[in-house]
Amino acid sequence: MNIGVFCSAAELDSVYTEAAREFAELLGKRGHSLVWGGSDSGLMKVVADGVQGAGGRLIGVSVEFLRDVARPDTDEMAVAADLAERKALLLDRADAVVVLVGGTGTLDEATEILELRKHGMHSKPVVVLNTAGFYNGLQQQMTRMEAEGFLPVPLADLVSFADDGPQALELLGA
């Protein structure tokens, strides 16, 4: 599978980097390819290193204004004109999406992917890897959205939440 991963390009605490590395190594060992933002910094680098070190392929999708931090040793690299095109290319290349910890950019990517899924624009599975409870608040908010009628489809049809990398891949059937 080509597994799209949204995550931070920031340098993060080991609680996040170790979980991301474990997930990435599993992804690579199982023969999957990583489709990601193409950055060679922060958590994006940790994930790419883990996948590549375990024998997986790297498919990067950078954006013009971040070209200078794009990873040089990928199997494929596309450079989008802007963030909207980047998200579209990431989704197009991925068979499934996993959301790791991140900031506003990661949250933007995740909510857009969920909105497109809600409207039937794609049927690719989406899993949020909830490392150290990072996304507990998001899960609680989405549960409330479902309970109060804001979601036209069951939450379970939009997204799954996983506590660790093995569970995330299990939920994807990968």
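Counting begins at 1 with the first residue of the sequence. Below, each value reflects all heavy atoms present in this structure, side chains not excepted, and no hydrogens, waters or symmetry copies.
- Between Leu158 and Val126 there is no side-chain heavy-atom pair separated by less than 4.5 Å.
- Under the 4.5 Å side-chain heavy-atom criterion for Ile, Leu, Val, Met, Phe, Trp and Tyr, Met77 and Leu83 are members of distinct hydrophobic clusters.
- In this structure, Val63 and Val79 have side chains that are not in contact, with every pair of non-hydrogen atoms separated by 4.5 Å or more.
- Judged by distance alone, with hydrogens and angles left aside, the side-chain atoms of Glu11 form a donor-acceptor pair with the main-chain N or O of Gly42 at under 3.5 Å.
- Lys29 contributes no side-chain N or O that, together with a main-chain N or O of Gly55, makes up a donor-acceptor pair within less than 3.5 Å.
- Under a 3.5 Å cut-off, the side chain of Asn130 and the backbone N or O of Asp163 do not form any donor-acceptor pair.
- Side-chain atoms of His122 come within 3.5 Å of backbone atoms of Lys124 as a donor-acceptor pair (strictly under, hydrogens ignored).
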Determine, step by step, whether Asn2 and Ile59 satisfy the side-chain contact (heavy atoms from CB on, under 4.5 Å) criterion, reporting the C-alpha distance in whole Å, the side-chain angles of both residues, the deciding distance to 0.1 Å, and the verdict. CA-CA 9 Å; Asn2 287 343; Ile59 302 168; 3.9 Å; yes
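- Within the 4.5 Å cutoff, side-chain heavy atoms of Leu26 are placed close to those of Pro166.
- Electrostatic pairing of Glu112 and Lys87 counts as a salt bridge here, judged by a charged N lying under 4.0 Å from a carboxylate O.
- Between Gln139 and Arg144, the side chains place no donor N or O within less than 3.5 Å of an acceptor N or O (distance only, hydrogens not considered).
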Given Glu64 and Asp82, is the side-chain contact (heavy atoms from CB on, under 4.5 Å) satisfied, shown in steps? CA-CA 7 Å; Glu64 189 61 45; Asp82 56 35; over 6 Å; no
Could you walk me through whether Arg57 and Glu76 satisfy the side-chain contact (heavy atoms from CB on, under 4.5 Å) test, starting with their C-alpha distance in whole Å, then the side-chain angles of each, then the deciding distance to 0.1 Å, before giving a yes or no? CA-CA 9 Å; Arg57 294 183 71 244; Glu76 297 177 43; 3.1 Å; yes
After noting the C-alpha distance and the side-chain angles of Val159 and Met142, does the key distance pass the side-chain contact (heavy atoms from CB on, under 4.5 Å) rule? CA-CA 10 Å; Val159 63; Met142 294 188 78; 4.1 Å; yes
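- Between Asp157 and Arg117 no salt bridge is recorded (no basic side-chain N to carboxylate O distance below 4.0 Å).
- At a threshold of 4.5 Å between non-hydrogen side-chain atoms, the residues Val127 and Leu172 count as touching.
- Within the 4.5 Å cutoff, no side-chain heavy atoms of Arg71 are placed close to those of Ser39.
- With Asp13 contributing its side chain and Tyr16 its backbone, the two residues share no donor-acceptor pair below 3.5 Å.
- In this structure the side chain of Asp40 reaches within 4.5 angstrom of the side chain of Pro72, judged on heavy atoms.
- For Gln140, the CD atom is loosely surrounded, since the number of other residues' heavy atoms within 6.0 Å does not exceed 12.
- Looking only at side-chain heavy atoms (C-beta outward), Leu100 and Thr106 stay at 4.5 Å or farther from each other.
- In this structure, Trp36 and Phe6 have side chains that are not in contact, with every pair of non-hydrogen atoms separated by 4.5 Å or more.
- Clustering ILVMFWY residues whenever any of their side-chain heavy atoms sit less than 4.5 angstrom apart, transitively, puts Leu138 in the very cluster that holds Val15.
- No donor-acceptor pair under 3.5 Å is formed between the side chain of His32 and the backbone N or O of Ile3.
- Of the listed residues (Val51, Val47, Val35, Asp49), just one forms a side-chain contact (heavy atoms from CB on, under 4.5 Å) with Leu58, and that residue is Val51.
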